[in-house]
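Heads up: the structure comes next, in structure tokens.
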Number of protein chains: 2
Amino acid sequence: MKISQLAKLTHLPSKTIRYYEEIGLVPKALRNDNGYREYRADDVERLVFVRRCRELQIPIEQIKILIAVQADKKSSCKEVDSLIEQQLEKVRKTIAELTLLEQTLHQLATSCPNEIVGECEILKRLQQEGN
Amino acid sequence: MKISQLAKLTHLPSKTIRYYEEIGLVPKALRNDNGYREYRADDVERLVFVRRCRELQIPIEQIKILIAVQADKKSSCKEVDSLIEQQLEKVRKTIAELTLLEQTLHQLATSCPNEIVGECEILKRLQQEGN
DNA sequence: TATAAACCTTACAGTTACAGTAAGGTCAAG
DNA sequence: CTTGACCTTACTGTAACTGTAAGGTTTATA
């Protein structure tokens, strides 16, 4: 199949598939006579795996590691576990930070009863030192 | 004062201060004879304002708007309000997305009782289509 | 006084994961 | 035979910086 077909099956833009090839996240595609990339069923699997990982916000460099580990079926999956665990921690930390941010923004949003910029409490608060 | 002093007072790296000048977020600094940038007290205020906005993850382009609005003390602060409101919405949306992500990652993290990659439930799940 | 440390300057490259655009080749349908 | 839908590469742009190189200045010390 050609790249746009693969794109449809994987729900990834063709552009992104070429990009993944360029950076070595997936192997170089075979080419047919006209120079077009030619794909098979296992290319779909590989790219769906990548897409799922990206949806989990796993960085591309880490996906490379996952693919490498996967290649050796007998190796321990400790590395997989810890990678997912790290990702989970990262997400939790970000949520915590954003939750604080949300509170600050909410306080700010409800702080100004005035009409003109010269009196605006929001702007005043943004000018204060704080930490 | 020189740039490193300003950096200390604003808690911003000198590098970042130069960058803000370069992109026109803050006005070009005066220079003294040796070509060094020379700053005053109001440069501190301006940059603290910028830093506070960035801590709230307000994009630089929006900070430019805030600074422009601020310049006209008699103008309505509706724009300020709505900008903060938008930022709050953005943060809330991101939190919601990350919360879903957290659940998925948590399920994944606790899904594999096996030892070897060939049997790893995590990897299996990552290969499934899903949506 | 020599020199080394600690500043300052500009300019360019690197980061992350793509998306946009240009310029051009290929293929099937009408 | 040409139009439209594909395909190709290559280069640029995104956001908000950070790192590095190469060099000038100032200040402290030996």
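Only a predicted model underlies this, so the values are computations on that prediction, with no experimental measurement involved. The sequence lines fix the lettering, A, B, ..., with proteins before strands; numbering per chain opens at 1.
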Among the nucleotides D:dC7, C:dA19, D:dC17, whichever has the atom closest to the side chain of A:Ile3 is D:dC7

Heavy-atom nearest nucleotide on DNA chain C taken for A:Glu61 and for B:Tyr39; more 5' hit belongs to B:Tyr39

Length of the [atom1]-[atom2] vector between [X] and [N], whole Å:
{"X": "B:Lys90", "N": "D:dA15", "atom1": "NZ", "atom2": "P", "result": "11 Å"}
{"X": "B:Tyr19", "N": "C:dA11", "atom1": "OH", "atom2": "P", "result": "16 Å"}
{"X": "B:Ile17", "N": "C:dC8", "atom1": "CD1", "atom2": "P", "result": "10 Å"}
{"X": "B:Leu30", "N": "C:dC8", "atom1": "CG", "atom2": "C1'", "result": "16 Å"}
{"X": "A:Gln62", "N": "C:dT16", "atom1": "CD", "atom2": "C1'", "result": "13 Å"}
{"X": "B:Leu12", "N": "D:dA16", "atom1": "CG", "atom2": "C1'", "result": "12 Å"}
{"X": "A:Met1", "N": "D:dC6", "atom1": "CE", "atom2": "C1'", "result": "16 Å"}
{"X": "A:Lys8", "N": "D:dA5", "atom1": "NZ", "atom2": "P", "result": "13 Å"}

- Hey, does B:Ile23 reach any base, or is it just sugar-phosphate, or nothing, if we go heavy atoms under 4.0 Å? nothing

With heavy atoms under 4.0 Å as the rule, sort B:Arg18 into base, sugar-phosphate or nothing.
base

Taking [X] for its side chain and [Y] for its backbone only, find out whether a donor-acceptor pair lies under 3.5 Å.
{"X": "B:Gln62", "Y": "B:Leu83", "answer": "no"}
{"X": "B:Thr16", "Y": "B:Leu12", "answer": "no"}
{"X": "A:Asn114", "Y": "A:Cys120", "answer": "no"}
{"X": "B:Arg18", "Y": "B:Glu22", "answer": "no"}

Given the options A:Lys15, A:Lys28, A:Arg37, A:Glu21 meets salt bridge (charged side-chain N to carboxylate O under 4.0 Å, His left out) only with A:Arg37

* Quick one: salt bridge (Lys or Arg N to Asp or Glu O under 4.0 Å) partners of A:Arg40, sequence neighbours excluded? ->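 With neighbours one apart ignored, the set is empty.
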
Whether each nucleotide of nucleotides 21-28 of chain D has a protein heavy atom under 4.0 Å at its base (B), only at its sugar-phosphate (S) or at neither (-) is summarised, 5' to 3', as ---BBS--

Would you indicate, yes or no, if [N] has its OP1 or OP2 atom less than 4.0 angstrom from a side-chain nitrogen or oxygen of [X]?
{"X": "A:Ser4", "N": "D:dC7", "answer": "yes"}
{"X": "B:Thr16", "N": "D:dA16", "answer": "no"}
{"X": "A:Tyr20", "N": "C:dA17", "answer": "no"}
{"X": "B:Arg37", "N": "C:dT9", "answer": "yes"}

Less than 4.0 angstrom from a charged side-chain N to a carboxylate O is my criterion; do A:Glu55 and A:Arg51 meet it?
yes

